[in-house]
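Worksheet: one structure, shown below.
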Amino acid sequence: HTHGLTIAAVASAESTRGLGVDVERIDRINDDAAGFAFSESETALIASLAEEVRQEWKARLWCAKEAAAKASGDGLGGKPDSIVARSVDVASGAVGIHIDNGTSFPDAGTMTVETSLVGDYAFGVCVVLHEPVPQTTE
């Protein structure tokens, strides 16, 4: 569905617990797909954006949800409502995502997914780092 375009990401196993990426053509998330892909709150979030960027942000939100799902290790599993976009930062491309506790991801909650736009494609990248090990003092 990306016409030969491929995306890959590499991260250190020592510092990273989860890594997810996704790429979509902007026009792939049409109204039918959006009806399945997005919750009412996500549809309202998209509607709150300037009309000229809504199609782009439909693709970005979908990529963000997919990237977060892949980083969690569960994927969407036909349940796009288990991962919900809660906020967007149009200037930076960051999407605030909430993962439902019904997933196996150990610390379900809010995370940030970085999105970008290159030509006719939207990209999402989600990196979940290990918690830093507390330093002890003697």
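Sequence positions, counted from 1, serve as the residue numbers for this chain.
The shortest heavy-atom contact between Val113 and Ala67 is CG1-CB, 4.1 Å. Residue Ala9 comes nearest to Leu19 through the heavy atom pair O-CD2, 3.6 Å, listed as atom of the first residue, atom of the second, then distance. Taking both residues in full, the closest heavy atoms of Leu61 and Ala85 are given as CD2-CB, 3.7 Å, listed atom of the first, atom of the second, then distance. In terms of heavy-atom proximity, Glu114 sits nearest to Ser92 at OE1-O, 4.4 Å.
No donor-acceptor pair closer than 3.5 Å links the side chain of Thr115 to the backbone N or O of Gly124.
Going from atom CD1 of Ile83 over to atom OG of Ser39 covers 12.0 Å, rounded to the nearest 0.5 Å. Atom-to-atom distance recorded for Lys58:NZ and Ile29:CD1 is 9.0 Å, nearest 0.5 angstrom. A distance of 11.5 Å separates SG in Cys126 from NZ in Lys70, rounded to the nearest 0.5 Å. Once rounded to the nearest 0.5 Å, the distance linking CD of Glu24 with CH2 of Trp62 reads 8.0 Å. Rounded to the nearest 0.5 Å, atoms CD1 (Ile97) and CD (Glu66) are 10.5 Å apart.
Through side-chain heavy atoms spaced under 4.5 Å, either directly or across other Ile, Leu, Val, Met, Phe, Trp or Tyr residues, Leu117 is tied to Ile26.
Scored by the side chain to side chain donor-acceptor pair (under 3.5 Å) test, Ser116 finds no partners at all (sequence neighbours excluded).
More than 12 heavy atoms of other residues, nucleotides or ligands shown are found within 6.0 angstrom of CG on Asn30.
Residue Val84 is not grouped with residue Phe36 when hydrophobic side chains (ILVMFWY) are merged at heavy-atom distances under 4.5 angstrom, including chains of intermediate members.
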N/O donor to acceptor pairs below 3.5 angstrom from side-chain atoms of residues 45-53, sequence neighbours left out:
residue, atom, partner, partner atom, Å
Ser48, OG, Leu45, O, 2.6

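A salt bridge does not link Arg28 to Asp120: none of the charged side-chain nitrogens sits closer than 4.0 Å to a carboxylate oxygen. Salt bridge status for Lys65 with Glu42: present, with a side-chain N to carboxylate O gap under 4.0 Å.
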### Query
Should Val118 and Phe123 be marked as a side chain to side chain contact (heavy atoms under 4.5 Å, CB included) after you check the CA-CA gap, both sets of side-chain angles, and the distance that decides it?
CA-CA 8 Å; Val118 178; Phe123 296 83; 3.6 Å; yes
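A cation-pi arrangement is absent between Arg54 and Trp57 under the rule of less than 6.0 angstrom and at most 45 degrees off the ring axis.
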